[in-house]
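So the structure is just underneath, and the comments pick up after that.
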Amino acid sequence: AGSLVHAGGGLDVQAGSTAIATNSASLSTGSTGESDAIGTFPSGTVEANVELTNNATWTSATAIDIGLGTITIGGGTLASATVTIGTNSTLGASALVSASGTDSQWTNSGSIVVGGDAAGTLELATGAVLNASGDVIAGGATDGDGTITVDGTLSVGGNLIVGQDGTGTITVDGAATTLSVGGNLIVGQDGTGSLDLSHSVAISVDGTLQVGGTIGTGTVTDSGADPPRHFGALAINNGVANVAPGAANPWLVDRGTAQNIDIGGVAGGNATLALPQTGTVVAGSGTVTIGGAGNGNLTLLQNALFDAAVN
């Protein structure tokens with residue numbers, strides 16, 4: 001075990017270099033000075049890398065910016081403030097943060113942007129855990145392209161925005177996978193977003209599942225099995241939300257106090273909530289509106305159920 005404390009400024013890992021912390025080693029970067037930079041300068045196709053393995057810990061109180069580079073968490077811990085994965089489109093390649101295994105833990109106190117103004121990928125594999133207190137964004141700026149895959153646990157205290165101004169994709173898969181959002185889950189805010197749910201994922205959104213915005217478009221595809229999905233409200237504004245098949249994994253609007261369902265609520269929007277065979281949506285105590293300022297469609301196939309009896 002060992003330790004490195006760099007309290008006055010940031011960690012700078014340049015092209016072709018790798019910083020490795022292992023065997024319970026600890027790395028600490030401070031709250032003043034420059035950000036932690038991982039491959040943020042033009043360097044052709046040569047990556048910069050940081051590896052945390054075997055109970056190693058990196059605590060960063062400053063911003064972490066990843067350009068042409070990778071952070072790999074394989075049995076280690078990362079505690080960070082704000083992180084941007086994909087910061088410089090001129091580098092011509094993507095940035096990556098990959099965490100794998102149940103002993104891989106990441107906590108973040110501020111925001112995480114995956115695909116800021118470049119391509120970025122966040123991977124949580126085989127039970128890895130990310131607890132983010134602020135917003136998590138995939139596809140931040142117009143030329144940002146963010147991809148998030150979750151086979152583990154992703155807990156977001158703020159909003160989860162997929163396609164803020166750029167292009168965002170999130171795939172949630174795995175039998176023991178959990179996605180929880182304390183704010184809103186927005187798929188296609190002002191950009192293009194897609195959310196794919198499969199297998200027995202547990203999903204809970206305290207706020208609104210919003211699909212599309214005034215200029216953004218979104219697609220949600222749920223092909224998974226039980227358990228039920230829980231939402232505070234549904235706002236299908238511009239795009240399509242495909243409910244999971246089967247009565248064992250309904251969409252329940254049962255979080256918070258609003259519990260409204262709006263399909264086609266924004267001007268110029270074209271929105272569809274689609275229930276496949278035996279698909280189920282159970283409305284909450286709020287209102288159900290189909291076709292407000294925009295074009296709203298509710299489609300039900302054989303034995304599908306849209307239950308608004310509580311209203």
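Excluded from the calculations below are hydrogen atoms, water molecules and symmetry mates; all remaining heavy atoms, backbone and side chain alike, are included.
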Between CG of Asp143 and CG of Asp117, what distance do you get to the nearest 0.5 Å? 5.5 Å
Under 3.5 Å, which donor-acceptor pairs link side chains of residues 155-170 to any protein atom two or more places apart or in another chain?
from: Ser155; atom 1: OG; to: Ser180; atom 2: OG; distance (Å): 3.4
from: Asn159; atom 1: OD1; to: Asn184; atom 2: N; distance (Å): 2.7
from: Thr169; atom 1: OG1; to: Ser194; atom 2: OG; distance (Å): 3.4

Looking at Gly110 and Thr82, what are the two nearest heavy atoms and their distance? CA-CG2, 4.1 Å
How is the hydrophobic cluster of Val240 composed, in terms of its other members, when Ile, Leu, Val, Met, Phe, Trp and Tyr link through side-chain heavy atoms under 4.5 Å apart, directly or indirectly? none
Would you check, one step at a time, whether the test side-chain hydrogen bond (donor to acceptor under 3.5 Å, both in side chains) holds for Thr217 with Asn238? CA-CA 5 Å; Thr217 59; Asn238 194 20; 5.7 Å; no
Within-4.5 Å side-chain heavy-atom neighbours: Val243 and Leu273: yes
Tracing side-chain links under 4.5 Å among I, L, V, M, F, W and Y, which residues wind up in one group with Leu252? Val282
Taken to the nearest 0.5 Å, the spacing of Asp262 CG from Ile290 CD1 works out to 10.0 Å
Here the gap from Thr287 atom OG1 to Asn260 atom CG, rounded to the nearest 0.5 Å, amounts to 4.0 Å
I need the Thr70 OG1 to Glu47 CD distance, nearest 0.5 Å. 4.0 Å
Under 4.5 Å between side-chain heavy atoms, hopping through other hydrophobics if needed: is there a path connecting Val50 to Leu124? yes
Between Pro227 and Asn249 the two heavy atoms that sit nearest each other are O-CB, 3.6 Å
Partner set under side-chain contact (heavy atoms from CB on, under 4.5 Å) for Ser198, not counting sequence neighbours: Asp173, Ser223
Under a 4.5 Å cut-off applied to non-hydrogen side-chain atoms, are Thr18 and Glu51 in contact? yes
So Leu27 and Leu11, side chain to side chain contact (heavy atoms under 4.5 Å, CB included) or not? Walk me through it. CA-CA 10 Å; Leu27 170 65; Leu11 176 70; 3.9 Å; yes
Min side-chain heavy-atom separation Ile71-Trp58 under 4.5 Å: yes
Identify the two heavy atoms, one from Gly146 and one from Ala138, that lie closest to each other, and give their separation to 0.1 Å. O-CB, 3.9 Å
Partners meeting side-chain contact (heavy atoms from CB on, under 4.5 Å) with Thr299 (sequence neighbours left out): Thr272, Ala274
Would you say the side-chain atoms of Gln259 and Ser285 include a donor-acceptor pair closer than 3.5 Å? yes
Got a sec, which residues hit side-chain hydrogen bond (donor to acceptor under 3.5 Å, both in side chains) with Asn131, two or more places apart in sequence or on another chain? none
Test item: side-chain donor near acceptor, Thr40 and Asp65, under 3.5 Å: no
dist Asn295:CG -> Asn270:CG (nearest 0.5 Å) comes out at 4.5 Å
Closest approach of Ala308 to Ala283 (non-hydrogen atoms, all atoms of both residues): CA-CB, 4.0 Å
Return the CD1 to CG distance between Ile38 and Asn49, rounded to the nearest 0.5 Å. 9.0 Å
Consider only side-chain heavy atoms of I, L, V, M, F, W and Y, link residues closer than 4.5 Å, and tell whether Ile73 and Val136 are in one cluster. yes
In chain order, what residues pass the side-chain hydrogen bond (donor to acceptor under 3.5 Å, both in side chains) check against Thr278, with sequence neighbours excluded? none
Mind checking whether Asp226 and Ser200 have side chains closer than 4.5 Å, heavy atoms only? yes
Picking from Thr208, Ile261, Val220, what satisfies side chain to side chain contact (heavy atoms under 4.5 Å, CB included) with Leu234? Ile261
Run the numbers on Leu96 and Glu123 for side chain to side chain contact (heavy atoms under 4.5 Å, CB included), then give the verdict. CA-CA 8 Å; Leu96 169 67; Glu123 297 177 348; 3.9 Å; yes
Thr53: which residues meet the side-chain hydrogen bond (donor to acceptor under 3.5 Å, both in side chains) condition with it, sequence neighbours left out? Thr22
Which ILVMFWY residues are connected to Val129, directly or by a chain of links, through side-chain heavy atoms under 4.5 Å apart? none
If we check side chain to side chain contact (heavy atoms under 4.5 Å, CB included) with Leu275, which of these qualifies: Leu298, Thr280, Asn303? Leu298
Should Ile85 and Leu52 be counted in the same cluster of Ile, Leu, Val, Met, Phe, Trp and Tyr side chains packed under 4.5 Å apart? yes
Do Leu305 and Val281 have side-chain heavy atoms sitting under 4.5 Å apart? no
Indicate yes or no for a side-chain donor-acceptor contact from Gln210 to the backbone of Gly212 under 3.5 Å, with no hydrogens or angles considered. yes
Quick check on side chain to side chain contact (heavy atoms under 4.5 Å, CB included): which of Ile112, Thr153, Val150 does Leu130 satisfy it with? Ile112
Partners passing side-chain hydrogen bond (donor to acceptor under 3.5 Å, both in side chains) against Ser100 (at least two apart in sequence or in another chain): Thr126
For residues Val113 and Val97: do they belong to one hydrophobic cluster (side chain heavy atoms under 4.5 Å, members Ile, Leu, Val, Met, Phe, Trp, Tyr)? no
Pairs touching residues 197-223 that satisfy salt bridge (charged side-chain N to carboxylate O under 4.0 Å, His left out), sequence neighbours left out: Asp222-Arg229
Ser80: partners by side-chain contact (heavy atoms from CB on, under 4.5 Å), with sequence neighbours left out: Ile64, Leu78, Val83, Trp106, Asn108
Between Thr149 and Asp151, is there a side-chain heavy-atom distance shorter than 4.5 Å? no
At their closest point, which heavy atom of Ala21 faces which heavy atom of Ala56, and how far apart are they? O-CB, 3.1 Å
Please report the shortest heavy-atom distance between Ala271 and Gly264, naming the atom on each side. CB-N, 3.5 Å
Under 4.5 Å between side-chain heavy atoms, hopping through other hydrophobics if needed: is there a path connecting Ile66 to Ile137? no
